[in-house]
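We name chains A, B, ... by the order of the sequence lines, and we start the count at 1 in each one.
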2 protein chains.
Amino acid sequence: MADDVFKALADPTRRRILDELVERDGQSLFEICARLATKHGLGLSRQAISQHLAVLEAADLVRTRRQGRYKFHDLNTEPLERIVTRWLRPDARENTP
Amino acid sequence: MADDVFKALADPTRRRILDELVERDGQSLFEICARLATKHGLGLSRQAISQHLAVLEAADLVRTRRQGRYKFHDLNTEPLERIVTRWLRPDARENTP
DNA sequence: AGCATAGGCAAGTGAATACTTGCATGACGA
DNA sequence: TCGTCATGCAAGTATTCACTTGCCTATGCT
């Protein structure tokens, strides 16, 4: 459960993908490929990113919806809000930005 | 920087160690070994845990202070509060628990 | 001084994982 | 219907990483 979230966040490429989805939600696989290549200079294959997206989806950080031959990816921040508070003590938990 | 934090949190054993330090701060290596073994049933060698602590220290999630032949480990939650807000949109950032 | 305790360093092993290459499927347009 | 575009599946490789084993350093006690 939270295990998958931490594992998903462990890879820098996957964190870039999340960055990209924060900026523009609902992108397709090819869009993400293109923007990672141009903006971040990552020359990864389509499959590499597809597998990363699968990991993110397994962690429920990304929700997908099919539309014809396109598959759009939406960011889901809910799991992120849960995981970190685990180690925040009561007094530190109040002023979370 | 934040890279090290995510990498540190990727391993379940390291997350257990953080759990242990939340419960009681300032433990030595042997204390952590003992409590992980008894409470969580983890039969890991001393070096394994020592290496995990080194990773946590590199991520600044654990601060250490030497005192004689003892080395005490203190939890530092500051890096945790930074990393997740990266993907929280403005509207979601308000009601963080 | 001598010995036990607390921790550190380094090399080696096995498993997990990120990435690639090649082929298959399924939807849309001419 | 045929070809193309977007994606999925599977096997193979190579690197990363967690863990162990063995030896070394240093502090404190008797």
Side-chain angles (χ1 to χ4, degrees), chain A residues 1-21 24-38 40-59 61-74, chain B residues 1-21 24-38 40-59 61-74:
Chain A
M1 178 119 213
D3 253 39
D4 299 322
V5 180
F6 285 113
K7 184 179 290 186
L9 294 176
D11 189 85
T13 303
R14 285 194 284 269
R15 295 196 295 270
R16 296 279 169 128
I17 293 176
L18 293 183
D19 290 339
E20 197 49 55
L21 288 178
R24 185 199 285 194
D25 216 10
Q27 295 188 55
S28 77
L29 173 59
F30 269 87
E31 285 181 272
I32 297 174
C33 285
R35 295 180 67 140
L36 284 181
T38 60
H40 300 280
L42 294 182
L44 291 180
S45 73
R46 178 179 57 85
Q47 273 74 9
I49 298 180
S50 177
Q51 288 165 9
H52 281 307
L53 285 171
V55 175
L56 290 170
E57 194 177 355
L61 286 166
V62 164
R63 300 267 177 83
T64 60
R65 48 191 162 94
R66 279 211 91 114
Q67 201 166 344
R69 55 177 165 175
Y70 298 97
K71 188 180 182 183
F72 298 111
H73 302 265
D74 297 301
Chain B
M1 178 119 213
D3 253 38
D4 299 322
V5 179
F6 285 111
K7 183 178 290 186
L9 294 176
D11 189 85
T13 303
R14 284 195 285 268
R15 295 197 293 272
R16 295 279 168 132
I17 293 176
L18 293 183
D19 290 339
E20 197 50 55
L21 288 179
R24 186 200 284 193
D25 215 11
Q27 295 189 56
S28 75
L29 173 59
F30 270 86
E31 284 181 274
I32 297 174
C33 286
R35 295 180 67 139
L36 284 181
T38 61
H40 300 280
L42 295 181
L44 291 180
S45 72
R46 177 179 58 87
Q47 273 72 10
I49 298 179
S50 177
Q51 288 165 9
H52 281 308
L53 285 170
V55 175
L56 289 170
E57 194 177 355
L61 286 166
V62 164
R63 300 266 177 84
T64 60
R65 49 191 161 94
R66 278 210 91 114
Q67 200 166 344
R69 55 177 165 176
Y70 298 97
K71 188 179 183 182
F72 298 111
H73 303 265
D74 298 301

Please determine, for the side chain of [X], which listed nucleotide ([options]) has the closest atom?
X: B:Gln51; options: D:dT27, C:dC28, D:dC19; value: D:dC19
X: A:His52; options: C:dG7, C:dA18, D:dT7; value: C:dA18
X: A:Arg69; options: D:dG8, C:dG26, C:dA18; value: C:dG26
X: B:Ala48; options: D:dT7, D:dG8, D:dT20; value: D:dT20
X: A:Arg46; options: D:dG8, C:dT20, D:dC19; value: D:dG8

Quick check on [N]: is either OP1 or OP2 less than 4.0 Å from any side-chain nitrogen or oxygen of [X]?
X: B:Lys7; N: D:dC17; result: yes
X: B:Lys71; N: C:dG8; result: yes
X: B:Ser45; N: D:dC19; result: no
X: A:Ser50; N: D:dT7; result: no

*Figure out the CG/P separation between B:Leu53 and C:dG7, and round it to whole Å.*
10 Å

*Among B:Leu18, B:Thr64, B:Leu21, find the residue that satisfies the side-chain contact (heavy atoms from CB on, under 4.5 Å) test when tested with B:Leu56.*
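Testing B:Leu56 for a side-chain contact (heavy atoms from CB on, under 4.5 Å) against B:Leu18, B:Thr64, B:Leu21 leaves exactly one candidate, B:Leu18.
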
*Among B:Ile32, B:Leu36, B:Asp11, whose side-chain contact (heavy atoms from CB on, under 4.5 Å) with B:His52 holds?*
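One option only clears the test, and that one is B:Asp11.
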
*Looking only at N and O atoms, is any donor in the side chain of B:Gln47 or the base of C:dG7 less than 3.5 Å from an acceptor on the other one?*
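Checked by distance alone, the answer is no.
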
_Base of C:dG7, side chain of B:Arg66 - is there a donor-acceptor contact under 3.5 Å?_
no

